[in-house]
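Comments concern the structure below.
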Amino acid sequence: MRETLALSTHIVRRNWTVYKKDLIANISPTVADPALIMVSLGFGLGGYLTNVEGMSYMHYLAPGLTIATSLFTSFFESSYGFFVRMTYENVFKAMLTTPIGAREVVLGEMLWVGLKGAVMSIGVTIVLAIFGMMINPWLIPLLGIVGFLVALPCGAMGLLSTALVRNINQFQTVYSFLIAPLYFLSGIFFPISEMSAPVKFIADCFPLIHGVRLAQSVFWNRDIASTFLVHGGILVVQSLVFCGFAYRQIRKKLVQ
Amino acid sequence: MIKARALKKNFGEFCAVNDLTLEIRQGECFGLLGPNGAGKSTFIGMTYGSVERTAGELSVFGLDPATHARVIKKRMGVVTQENALDESLTVFENMLIYCAFIGVPSQERHKRVTDLLEYMNLAHKKDDRILALSGGMKRRLVFVRALLGNPELLILDEPTTGLDPAVRHLLWGKVKELRQEGTTILLTTHYMHEAEVLCDRLVIMNKGKVAAEGSPAKLITEHTPGHVGIYNFDSREELKSLAEKKDFIFLEDSSGIYLRASRMEDLLSTGIPALQLRPANLEDVFLKLTGTELATDA
Ligand SMILES: Nc1ncnc2c1ncn2[C@@H]1O[C@H](COP(=O)(O)OP(=O)(O)OP(=O)(O)O)[C@@H](O)[C@H]1O
Ligand SMILES: [Mg+2]
């Protein structure tokens, strides 16, 4: 197990070596997108919505944006990114001749998206905190944990789709029918209580909604401990389940 | 070192390796020959656990790759048929990260990589992107990659494809040197001359099975003893009747006509000018055993 972990960190290091070559180009969209939403929806729409759950729309929107960042960072990395590495660049063909096996590949990928999710969430939160969106900015590090916890199951969903799509274009379908609905129906843009029960039930099965709750508790400084216990716990369970599925499917791709 | 008994691999309905039995001994250079699609790479994949066998027994270093792949992989180096170099990294970065994967201590990595790049005449390319390398340079780099861990068992899946003659000879030299030092080598190649130069023993595979086994010299004396003359099609009829009369082996394919006799003089005495006269070699054995058509490509 210790060896598996050590080998996985080498994969993280490999990804980081590649990533840092294009650091600015890689990071800027992750920060630019939430900034754009903040300006357009927060300032624009926010002018009409002056009271959402007892606060301005911008304050309502802010926590969800950090979670969206973690979702997109991890999903795109483990879908398009992983697919390209596996299919076009053949990176794993050589890796698998070393002590690395399918298990290490998946664990390494999970660690990598988790760390990326954590760092990106903190980055976005810092920007939002500067705009005064956080009641207690000392809690920013907690958003790193939340970003990590959201990125794991979302990354696993990405890996799972990588194993199941037949070509790279099919990710568009996964995006349109899974990721986009989750994005819009997980309480980021409007309170979950407004949604119908079946939609809510389905949303609960996926990680985003729980991440949003966690981020909201931290941003708004409300019931942090109990929210982490419940929704953090759910995220851990979802991570294990989704990672389990992802591993089984990815293994079939890597080992014939 | 590697033992396979009744080894079998199916991809769905298709049987890629079928009842393969062979043994590769410690310290020898063992050749695995066979036409495209014979199952060579599939067998190699099974030795380090990236292809799961359907049936039969397989052991490497006395261990089963299905359960002990990691331990096995620590002791072997593989030149994969596809280069599979990491195109997002430079030459040097590729080798460094690979050192990390195989557990080379971090303080030794720099020197190990530098030395091997030097040996393969790639030192001047060390900071280049993979895409900036020629096909032969990539191949050499893959060879460097396989040697980083000082493996006890070196597996070479068509290592010299795309290499110019000088580099090919350089690589042969290195392989011989490694064998001298006690490294066990498993080689696949489509260059029969390469197999003759390097291999102590070899098998010729066809359709997933062993068609023949032995040293190059033994295979030649067993299956195609004698000398071969190669002719163009002009004197086809003449050659054919001559073969029947004198009991020569007559063979033709799209490239020309082949006449095989036990002695060179037999061929010379026919008076028909040959394009080439030579002792029979592994290529003759190969063509005889695996057929000349592409029918094997299922
Ligand atoms: N993943 C796979 N799925 C289905 N069929 C496969 C797979 N891998 C290999 N095959 C089939 O198995 C057979 C053996 O392939 P293999 O790559 O082992 O041949 P080879 O002897 O290495 O040939 P070559 O000399 O062309 O490299 C081929 O017919 C190939 O099409
Ligand atoms: Mg092959």
Side-chain angles (χ1 to χ4, degrees), chain A residues 1-23 25-26 76-77 80-109 111-112 116 247-256, chain B residues 9-12 16 41-42 44-54 65-66 68-90 92-104 106 129-131 141-142 145-146 148-149 151 154-155 157:
Chain A
M1 192 60 214
R2 250 189 58 211
E3 212 172 353
T4 295
L5 213 58
L7 288 168
S8 307
T9 59
H10 292 317
I11 295 179
V12 171
R13 185 173 345 150
R14 180 261 164 212
N15 289 350
W16 166 241
T17 312
V18 176
Y19 188 78
K20 74 174 180 212
K21 289 187 181 202
D22 246 336
L23 204 56
N26 278 327
F76 283 115
E77 179 75 26
Y80 286 99
F82 190 88
F83 189 87
V84 166
R85 261 171 277 157
M86 180 170 79
T87 320
Y88 301 135
E89 298 181 349
N90 255 331
V91 171
F92 302 116
K93 236 184 197 137
M95 255 190 217
L96 290 176
T97 70
T98 73
I100 288 173
R103 192 166 6 140
E104 286 78 17
V105 169
V106 169
L107 193 64
E109 199 60 26
L111 272 178
W112 168 242
K116 239 178 112 174
Y247 168 67
R248 295 242 312 251
Q249 296 303 321
I250 286 291
R251 190 170 187 286
K252 283 191 207 156
K253 288 272 155 173
L254 297 178
V255 178
Q256 272 110 37
Chain B
K9 174 66 193 179
N10 291 346
F11 292 110
S41 301
T42 304
I44 287 176
M46 284 192 271
T47 63
Y48 60 87
S50 94
V51 175
E52 280 178 334
R53 65 179 183 265
T54 308
H68 291 78
R70 194 194 285 165
V71 191
I72 291 170
K73 290 194 283 187
K74 275 185 193 162
R75 298 166 64 181
M76 71 196 246
V78 185
V79 169
T80 45
Q81 183 168 1
E82 299 95 348
N83 292 329
L85 290 159
D86 200 328
E87 291 176 4
S88 317
L89 299 171
T90 67
F92 207 73
E93 286 169 341
N94 253 286
M95 295 302 111
L96 278 187
I97 196 71
Y98 209 80
C99 281
F101 291 160
I102 59 179
V104 176
S106 46
R129 299 194 50 187
I130 297 299
L131 290 174
L141 189 59
V142 175
R145 187 176 67 188
L148 287 170
L154 182 62
I155 296 187
D157 198 349

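Letters A, B, ... mirror the listed sequences (proteins, then strands); counts begin at 1.
- For Thr90(B), the parts lying under 4.5 angstrom from a heavy atom of chain A are both the backbone and the side chain.
- Taking CE from Met95(A) and CG from Asp86(B), the interatomic distance works out to 6.5 Å, rounded to the nearest 0.5 Å.
- In this structure, Arg70(B) and Thr4(A) have side chains that are in contact, with non-hydrogen atoms separated by less than 4.5 Å.
- In terms of heavy-atom pairs under 4.5 Å with chain A, the best-connected choice from Glu87(B), Arg145(B), Lys9(B), Lys74(B) is Lys74(B).
- Both the backbone and the side chain of Ile100(A) have a heavy atom closer than 4.5 Å to some heavy atom of chain B.
- Using a 4.5 Å cut-off between heavy atoms, Ser8(A) makes no contact with chain B at all.
- By a heavy-atom distance cut of under 4.5 Å, His10(A), Ile11(A), Arg13(A), Arg14(A), Thr17(A) are the residues of residues 10-17 of chain A near chain B, going up by number.
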What side-chain donor-acceptor pairs closer than 3.5 Å can you find for residues 95-102 of chain B, not counting sequence neighbours?
{"unit_1": "Tyr98(B)", "atom_1": "OH", "unit_2": "Ala94(A)", "atom_2": "O", "d": "3.4"}
{"unit_1": "Tyr98(B)", "atom_1": "OH", "unit_2": "Thr97(A)", "atom_2": "OG1", "d": "2.6"}

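- The salt bridge (Lys or Arg N to Asp or Glu O under 4.0 Å) contacts involving residues 75-85 of chain B comprise Lys93(A)-Glu82(B), Arg75(B)-Glu152(B), where partners must be two or more places apart or lie in separate chains.
- For the set Val255(A), Val18(A), Asn90(A), Thr98(A), the entry with the most heavy-atom pairs within less than 4.5 Å of chain B is Thr98(A).
- Residues that satisfy the side chain to side chain donor-acceptor pair (under 3.5 Å) test with Lys21(A), not counting sequence neighbours, are Glu93(B).
- When heavy atoms are compared at a cutoff of 4.5 Å, Thr80(B) approaches chain A solely by way of its side chain, counted from C-beta outward.
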